[in-house]
Each structure stands twice: as C-alpha cells, then as structure tokens.
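Accompanying notes for the structure given below.
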Amino acid sequence: MRTPATHAQDGLPAEVTIWEVGPRDGLQNESALVPTETKAAFVQRLVAAGLPIVEATSFVHPRWVPQLADAGDLLTALAAHDALGDAAHDLPVLVPNDRGLDRALELGCRHVAIFGSATETFAQRNLNRGHAEQFAMFAPTVERARAAGMRVRGYLSMCFGDPWEGEVALDRVVDTGVRLLEMGCDSLSLGDTIGVGTPGHVRALLAAFETAGVGADRLAVHFHDTYGQALANALAALEAGITTFDASAGGLGGCPYAESATGNLATEDLVWMLDGLGVRTGVDLDALVDTSRWMAGELGRPSVSRVVQARA
Ligand code: MG
C-alpha cells in the first residue's frame, strides 16, 4: 500500500500544520559536515513537498554547533534560488541570543525561535545560566525581534522529563512557558527532549496549560521517539486540539543528552497517521519520502522513519 485507508475520527482538527525541523534540529547532531548546497536542496525539496514551515538553521555559535556554521550562507543561497526567493526569509531560524538575532536581522529573516529550558540543569548546560536567569537573557532578544515585526516561537525543552533531574513538575513547565509567552513569544513548542513522555502525561500538561489560560492554539508539540511513544503522544495532542506538530523528515536527529535516543518523530510517520485520520497536512508523502531517501544517501545511512523503510 502506498497510502493508508482513511477513517476520519470525530472531534479532530480538519487540518494541522507540520513544522519541519529536519534541516535544523535533524542536521545539528550530524558530526560529518553536510555541504551548504546539500542543505539548500534539502530545504527546497521539503518546501516543494508541501511542508508549510521548514525551520532552516540556527545562528548558534559555530563552536557549539559546527554543522550550522554556514547559517548565513545557507539563507543567502535559499533567498537567491528561484523556487524560494523572498519566501526564504519566512523560514524560521533559531537565535540563541542577541547576537544571533543581529545576524538574522542582517539577513532579512522574518521568523525566529528562541530555545528555553523548563529545568535548571538543562538551562545551565545548554544556556550557560540558571533557569531564572534565562528570561533576562531572552527578553531583549524577543523584544527586538517583535519590534522588527518578526514572528517569534519559543521552544521549551525538557517538558516531560530531564536526564539529570528526572521528573519535571507540570506547574514548572507551565510557569516557564507562560513567562516566555508573556515576554512576547507568539507560540510555544513543548519539547519532550529525551522522549520519555506518554499520552496521559501529554494530556495532563496540555490541560495544565489550558487551566493557566494558554489554549492549544498557542502551543505546538515536539516529540522524540526514544521510547517509542512519539506517535501515540502526537495522537493524544491532536485529540486535545493541538494543530501544530514538530517533526523531522526521515526522523533525522536526536538528543545528545539522551542515551540511545532514536531522535525526532519522523515527518513521514506523522503524515501517514494524519492521512489515515483524514486530517489535512498539505504534504505530498511521495515527495517527502523521496526527499528523505535522497538525504539518507547523502548522509550515508538509512532513514529511521518506519514509513520510509516500509516503502523502500
Ligand atoms: Mg528534537
């Protein structure tokens, strides 16, 4: 079978947005440097496959993520390409701090993301400051981005568990997320960075946000499949009204902090489920699978996506 049979389920959104993170979140964990032209082709193919939002890269310091040291060159290449042109400036880019934002502004980007932490230890390790101090770091960045008319997404990591601290309390996640939204982020992506979440946990966290006045329309979910729960969690979020889902083509990427992390939810696997539920994504599954198969060839190892494997 090339596509699943469709059986719609009552109460689900008619359509959802898939926020493709493969070129940024996926590739950032690749140790072998991927040429800029390959990345540009990857982004273009994902856009052509119908992914409505493709996060292109990160303006993180090259010392931390050498793979994305070509962020400026990549954006310039994308903007120069006929298929994208000015639309390249709408592709989200991660800006870890004010200097990252400077570069995004110089290049004409209109959509940025910051990367916060729900936990103290991950804030220390990833942001080099405490959980409480991250807000002071992000505030001027978000304010300047908003003043420049940019859309700003807030990523929130370790929402379902932390490799050093273990369980993370729901109110801790909600309080952190609310502060990022109040700061000026227009949406929040809740990350299960180490993939330990389960569907009941997803429902509980989304309900806690609802109680705090943050509806599903301002939230996205970002699941990792470390323990095989990513699709089940995505379905739980869908049933709770979430309409933006992060996913990575071919399941590229992982978390360097999680033992044997199997990485991001594969976009193909998510699309297969949504197609079967009759929830529109706008994604051409054939074109997406072709893209991931091509990228796997470039990286020299097979895709971990079950759909890509099944259709080989
Ligand atoms: Mg991820």
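Since the model is a prediction, treat every value here as computed from it, not as a measurement. Order of appearance sets the numbers: ligands from 1, and atoms from 1 within every ligand. The chain is numbered in sequence order, starting from 1.
Per residue His224, closest N, O or S atom to the Mg ion (ligand 1): atom name NE2. When you scan the N, O or S atoms of Asp25 for the one nearest the Mg ion (ligand 1), you land on OD2.
Listed by chain and number, the residues in a side-chain hydrogen bond (donor to acceptor under 3.5 Å, both in side chains) with Ser58 amount to none (sequence neighbours excluded).
Within a 6.0 Å radius of CD in Glu167, no more than 12 heavy atoms belonging to other residues, nucleotides or ligands are found.
Salt bridge Asp246/Arg153: present, at least one basic N to carboxylate O contact under 4.0 Å.
Using a 4.5 Å cut-off between side-chain heavy atoms of Ile, Leu, Val, Met, Phe, Trp and Tyr, Leu33 forms no hydrophobic cluster with any other residue.
Coordination check, Ser248 versus the Mg ion (ligand 1): failed, since every N/O/S atom of the residue sits at 2.8 Å or beyond.
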